[in-house]
Amino acid sequence: MTHPVRLDRHGSLGLIVINNPPVNALSAAVRQGIEARLQEVLGDDSLSAVLLVADGRTFPAGADITEFSKPPQAPLLPELCNMIEASPKPVVVALHGTVLGGGLELAMAAHYRVADENTLLGLPEVKLGILPGAGGTQRTPRLVGIKVALDMMLSGLPIKAADAERLGLIDEISPMTTLRGDAADLASEVGEVRRTRDARSQFLDGATCMADIAARRSVPDRPLASRKIIDCVEAALLVPFEVGVEMERDAFVECLASDASAGLRHAFFAERSAGKFPELLSAVPKQVDTVGVVGGGLMGSGIAIACLDAGFAVTVVEQGEDGVTGALNRIGALYEKGLAKGQMGEGALTDLNLTTEMEALGSADIIIECASEDEEIKQGIFAKLGQVAKPDAVLASNTSYLDLEPLTRASGRAADVVAMHFFAPAHRMALVEIGVPETANAQAMATTHALAKALGKTPVRSAAAPGLIGNQMLTAYRATADRLLLRGAQPAQVDAAMRSFGMPMGPYEAQDYSGLDIAWARRKAMKTPDLEALLLPDILCEAGQFGRKAGKGYYVYDSEGKRGAANPEMLTMLLGERRMRPMAKLALTPELIQDHLIAALINAGAGLLEAGTAARPSDIDVVMVHGFGFPRHKGGPMHQADMLSTFEVARRITEYAQTDPAHWRISPLLARLAAERMRFSQYQDAGMQK
Ligand code: 3HC
């Protein structure tokens, strides 16, 4: 195997080249390689300067995150950075790609920095629940000042090369074609070393520096990593460099050990695994230029906006002139709003074609059906699509709950049909579930996956079971919350508990927000009604109390839709139902409510794995984080199961089942993992899922 770091000699210049695809992460082998090659240059009198560069798509995009859960190996990145900075021979770096985290820290330890104009530079560690741990908290403020350093580290967002040059983070910008040559010229010319650790000019106005720190510190409820960033940046100002680096190291170790960092790192890798569809191994996606959308309601409009903004031509088909005008108004309004917020590009509406003619979809490469959730209507649409769509077009339905089989049959071209389930608002939400009927061909899947990626979404694969992954999880979550209402909880109590867990809304606020009538219609259409289900939502709907849009639901709302107190009529209805269906009361606390609902999600997730609906536990976590706002720093329910232990979750479910056996049935998979004391991540790594 070739070593990931090599030394090339160019006259008196030692060129150290990192080559560790895909992102040149600073693994132990890379750190050892850089150290060894640097020592070689320093020991060679014929070499007077060092140029550090990387092959491939980027200069290192950071430390190797996969090593964070393993014992550390020398040299640690901060030690390597100190070695580079201490070099008596000038070290220049030539930067390109995404110079992130440890990659930027390495660059800041070098004496001079040249970057190609498209380079992005950033310190995204906070997004992993940690802080820069290789001197970044000490060197960044020395180069760009306290305020910019805090902006970069607390947001985790990268800056462009031009801004980096203006701010003093890099010395020169050079076109990619001449980057190495220009950086080599600089290395030959500079002669002297210039150590970032010695720079103090950014700290001359001490009072302003302290005010910048105080302003950041005054923001309440900052997570641990952000608090530590502020402390360490303050240390850069107040204490010698070595002491600041020591403080940074302690803080790094503490943050790395935190549950929040474990959750965020899990989410990072879960998102990347979710995108690995098996079909991508055998099929190449078709070229997509035009997307067709059937139905210009809220969902269809959001999907049209997402496609337009990603540069696709879009044809939206609506019924009648009123339908077309309504869709145009909706798309226009969403677009204006997005433009105003800087979330959308200029001019994309010119690629929009709104029509009543299904035949206009004949040129579309992929067609997404977003009609109302009615099987008969959708079957009619798929029958028509089967006739008008060009032979190789993908036919996707945005349905989650409906069975795809009748739609595939109606289309007469089952191999082209998939589900492509967006979450509302579709132009903003990152998740797209792709439901795969057994009949779908690999190329249709690969094309749907490629479209989701092109829209900037996170695609997750699901078997085409009604509800896919997300809505089956949601059903289990809501059903358990409803059980707690029967056992003495009030909706507001459940909502408050789940908000304090970190969900953006509790289950009842969320239902009021999206409208109780949607699930009501679905329940009424169900062939086998759930006899255990709470009747309260049906009773509310029968009284026209559909939630926020009706002014009443679980809560009351003012004329502007602002949520008020619990709806007293709803509370009376709930009391009536409790009298009809008496159950043992629970000693309710926020923790008990959270434990029940998280256990319900884990149990449902295990069921989805068993049924083969979800391919990996981590896919379920991605769906929960991106579709339902499950707190990212908690990783997702399946990650929570691993944090608690599958044994503990199984124990809790067994305990809950003692007082409510009709509701709680432990998933056999969860019971098995608990018996074997196995984590879901081990189950996933062992490839044991269906
Ligand atoms: N460590 C290990 N693997 C990494 C990695 C890292 N820092 N960054 C990316 N990868 C892996 C991904 O897991 C993926 O692997 P896979 O192909 O097996 O799934 C592969 O590299 C490609 O990554 P992406 O699919 O994300 O590729 P993109 O082109 O979409 O994005 C990127 C590239 C912008 C570099 C993105 O991967 C990214 O944001 N990476 C993380 C950057 C980061 O957080 N750096 C800081 C790390 S912590 C640190 O440096 C601590 C230090 O202060 C001590």
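Atoms within each ligand, like the ligands themselves, are counted from 1 in listed order. Since this is a predicted model, take the numbers as computed values, not measurements. Index from 1, following the sequence.
- Polar contact with ligand 1: absent for Pro132 (N/O pair, distance under 3.5 Å).
- Using a 4.0 Å threshold on non-hydrogen atoms, atom 15 (O) of ligand 1 does not count as touching the protein.
- Within the 4.0 angstrom cut-off, atom 6 (C) of ligand 1 has one or more protein heavy-atom neighbours.
- Surrounding NZ of Lys160 are at most 12 heavy atoms belonging to other residues, nucleotides or ligands under 6.0 Å away.
- With a 4.0 Å cut-off on non-hydrogen atoms, Asp64 touches ligand 1 through its backbone as well as its side chain.
- In the model, Glu433 has no side-chain atom that pairs as donor or acceptor with a side-chain atom of Ser462 under 3.5 Å.
- Between Phe630 and Phe501, the angle of the ring planes goes over 60°, which puts this pair in the perpendicular group of the 30/60° scheme.
- The protein atom (non-hydrogen) at minimum distance from atom 1 (N) of ligand 1 is Ile65 N, 2.9 Å.
- Using a 4.0 angstrom heavy-atom cutoff, Pro22 counts as in contact with ligand 1.
- Closest to atom 41 (C) of ligand 1 by heavy atom, among Phe268, Phe252, Phe68, is Phe268.
- At distances below 3.5 Å, not a single donor-acceptor pair connects side-chain atoms of Lys286 with backbone N or O atoms of Ala444.
- Using modelled atom types, one side-chain atom of Arg37 and one backbone atom of Val5 make a donor-acceptor pair closer than 3.5 Å.
- In Leu128, the part holding a heavy atom less than 4.0 Å from any atom of ligand 1 is the side chain.
- The one candidate from Arg139, His111, Arg197 that meets the side chain to side chain donor-acceptor pair (under 3.5 Å) condition with Glu85 is Arg139.
- Annotation: atom 39 (O) of ligand 1 to nearest protein heavy atom, Leu100 CD1, 4.0 Å.
- By the 3.5 Å distance cut-off applied to N or O atoms, Ala25 is not counted among the residues near ligand 1.
- Asp151 and Ser155 share no donor-acceptor pair across their side chains, judged by distance under 3.5 Å alone.
- Looking at Arg217, Arg216, Arg227 one by one, the single match for salt bridge (charged side-chain N to carboxylate O under 4.0 Å, His left out) with Glu234 turns out to be Arg217.
- When the shell of 6.0 Å around CZ of Arg195 is examined, it contains more than 12 heavy atoms from other residues, nucleotides or ligands.
- Within the cation-pi definition used here (under 6.0 Å to the ring centroid, within 45° of the axis), Arg265 does not qualify as a partner of Phe269.
- Applying the 4.0 Å criterion to heavy atoms of Gly102 picks out, from ligand 1, the atoms 49 (C), 50 (O), 52 (C).
- Below 4.0 Å from some heavy atom of Gly101 lie the following atoms of ligand 1, by number and element: 46 (C), 50 (O).
- If you check which protein heavy atom lies closest to atom 32 (C) of ligand 1, you get Thr98 OG1, 4.4 Å.
- Across Asn24, Thr66, Val23, heavy-atom proximity to atom 10 (N) of ligand 1 is greatest for Val23.
- Comparing Arg272, Lys127, Glu105 against atom 13 (O) of ligand 1, the shortest heavy-atom distance belongs to Arg272.
- Inspection of the His266 and Asp621 side chains reveals an N or O donor paired with an N or O acceptor under 3.5 Å.
- Under 4.0 angstrom from ligand 1, the non-hydrogen atoms of Ala61 come from both its backbone and its side chain.
- In this pair, His421 and Phe423 present their aromatic rings tilted. The plane angle is within the 30 to 60° band.
- Those atoms of ligand 1 that come under 4.0 Å of a heavy atom in Glu125, given as number and element, are 48 (S), 49 (C), 50 (O), 51 (C), 52 (C), 53 (O).
- Residue contacts with ligand 1 for Pro124 involve side-chain atoms from C-beta outward but no N, CA, C or O (heavy atoms, distance under 4.0 Å).
- The protein non-hydrogen atom at the shortest distance from atom 30 (O) of ligand 1 is Arg57 NH2, 4.7 Å.
- The protein heavy-atom contact nearest to atom 19 (O) of ligand 1 is Lys276 NZ, 2.4 Å.
- Counting only distance, with no hydrogens or angles, the side chain of His96 and the backbone of Thr58 share a donor-acceptor pair below 3.5 Å.
- Not a single N or O atom of Ile130, backbone or side chain, sits closer than 3.5 Å to an N or O atom of ligand 1.
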